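Everything on this sheet refers to the single structure shown next.
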Amino acid sequence: MPSLGLRGDCQPGRVYLVGAGSGDVELLTLKAARLLQQADAIVYDRLIGDEVLSLIPAGRERYYVGKARGHHSVPQAEIGELMVRLAGQGKSVVRLKGGDPGIFGRMGEELAALAEAGVPAEIVPGITAASAAAAGMGIPLTDRGHAQQVRFITAQLCREGGEPDWAELARRDETLVFYMGLSKVGAICSGLRLAGLPDDWPIMLVANASHDDQQSLTGTLADMPDKLAAQPLPSPCLIVVGSVVSMVATSPVAAKPQHETFP
């Protein structure tokens, strides 16, 4: 078997902001795997699976800084201080984040903390949940017959009184992907319908994308809230809205367990 040609070593005093991908260890990039095996210290999030963590050699420093809704184990400022302190001790540091570190991962705040302390950094992208969910369900995020663009949206309201511009989002030529929105499915469906999308517009929910226990629901803006109430899904859950969702029914990609096809 030819060599993969992996190259490079973790540099002391440097922080690597690494995407762990969507959960399937085989979707981890080769560079991410190499860095996990080389780094002196790994600072990791809640959604990092055991298979990914198993790549870390015994004896390396591990720091869990995971966050869950309503239960922040470590404040964001302290995460920045931890990375700066470890790098200041001359250690190579991997900051391991679920999905892609630059997609709703608060990477900007961590880069700012490193920059303020003069700590060099490197970013290693990962497969974001939107890509993994679409692949797992056997559809593209964009298709020239359905969507000319895709939009990633956080369903968390970051500002007091904030709300998405539903009129701007209620388009028939794009795919919408809502992150962190399981508790807001009703509001999303209602907002898009009131802004002009038809009741039968397709929507898909995918929980634990790319994991063995992936679950999903497909339906319409009108019936999805009731479907979710009847068959609750666990978090994390991704919400995909757009006519590309109708392609699930005819996709040759094998469906995951508990997959309900689009009517």
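This one's a predicted model, so the numbers in the text were calculated from it and none came from an experiment.
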Any side-chain donor near an acceptor of the partner, Gln38 and Arg34, under 3.5 Å: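 Yes - a donor-acceptor pair under 3.5 Å links their side chains.
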May I have the step-by-step check of side-chain contact (heavy atoms from CB on, under 4.5 Å) for Val240 and Leu205, ending in yes or no? CA-CA 6 Å; Val240 181; Leu205 275 57; over 6 Å; no
Which residues pass the side chain to side chain contact (heavy atoms under 4.5 Å, CB included) test with Pro198, sequence neighbours left out?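 Per chain and number, Pro198 pairs via side chain to side chain contact (heavy atoms under 4.5 Å, CB included) with Arg172, Asp200, Trp201.
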Quick one, Leu17 with Leu111, criterion side-chain contact (heavy atoms from CB on, under 4.5 Å). Give me CA distance, side-chain angles, the key distance, then yes/no. CA-CA 9 Å; Leu17 299 157; Leu111 285 172; 3.3 Å; yes
Would Leu176 and Leu192 satisfy side-chain contact (heavy atoms from CB on, under 4.5 Å), going step by step from the backbone distance to the final call? CA-CA 11 Å; Leu176 305 177; Leu192 292 173; 4.1 Å; yes
Which atoms form the tightest heavy-atom contact between Gly90 and Pro12, and what is the distance?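 Where Gly90 meets Pro12 most closely, the heavy atoms are O-CB, 3.2 Å.
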So which pairs with a foot in residues 94-103 pass side chain to side chain donor-acceptor pair (under 3.5 Å), sequence neighbours left out?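 Of all non-adjacent pairs touching residues 94-103, those that pass side chain to side chain donor-acceptor pair (under 3.5 Å) are Asp45-Arg95, Arg95-Glu110, Lys97-Glu110.
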Strictly by side chain to side chain donor-acceptor pair (under 3.5 Å), give each pair with a member in residues 115-138 just once, sequence neighbours left out.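 Non-adjacent pairs meeting side chain to side chain donor-acceptor pair (under 3.5 Å): Lys31-Glu122, Thr128-Tyr179.
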Side-chain donor/acceptor of [X] to backbone N/O of [Y], under 3.5 Å:
| X | Y | answer |
| --- | --- | --- |
| Arg151 | Glu174 | no |
| Ser246 | Ser243 | yes |
| Ser251 | Gly138 | yes |
| Gln214 | Ser210 | yes |
| Asn208 | His211 | no |
| Asp143 | Pro140 | no |
| His146 | Leu141 | no |
| Thr175 | Val150 | no |

With sequence neighbours excluded, give me every salt bridge (charged side-chain N to carboxylate O under 4.0 Å, His left out) pair touching residues 79-91.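 Residue pairs with at least one partner in residues 79-91: Glu61-Lys91.
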Passes ring pair (Phe, Tyr, Trp, His ring centres under 6.0 Å), Tyr63 versus Tyr44? Steps please. CA-CA 6 Å; Tyr63 300 88; Tyr44 66 100; 9.1 Å; no
By salt bridge (charged side-chain N to carboxylate O under 4.0 Å, His left out), which residues pair with Glu109, not counting sequence neighbours?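 Counting only residues at least two positions away or on another chain, Glu109 forms a salt bridge (charged side-chain N to carboxylate O under 4.0 Å, His left out) with Arg106.
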Non-neighbouring partners of Arg193 that pass salt bridge (charged side-chain N to carboxylate O under 4.0 Å, His left out), sequence neighbours left out: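 Once residues adjacent in sequence are excluded, the partners of Arg193 under the salt bridge (charged side-chain N to carboxylate O under 4.0 Å, His left out) criterion are Asp199.
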Indicate yes or no: at least one non-hydrogen side-chain atom of Met204 is less than 4.5 angstrom from one of Val248.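 Side-chain contact under 4.5 Å: yes.
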For the pair Val43 and Leu82, evaluate side-chain contact (heavy atoms from CB on, under 4.5 Å) and give the outcome as yes or no after the intermediate values. CA-CA 9 Å; Val43 179; Leu82 173 62; 4.1 Å; yes
Sole candidate of Leu53, Val94, Val18 that passes side chain to side chain contact (heavy atoms under 4.5 Å, CB included) when paired with Leu36: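 So the option named by the test is Val94.
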Out of curiosity, Gln148 CD to Asp173 CG, how far, rounded to the nearest 0.5 Å?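 Gln148 atom CD to Asp173 atom CG measures 5.5 Å (nearest 0.5 Å).
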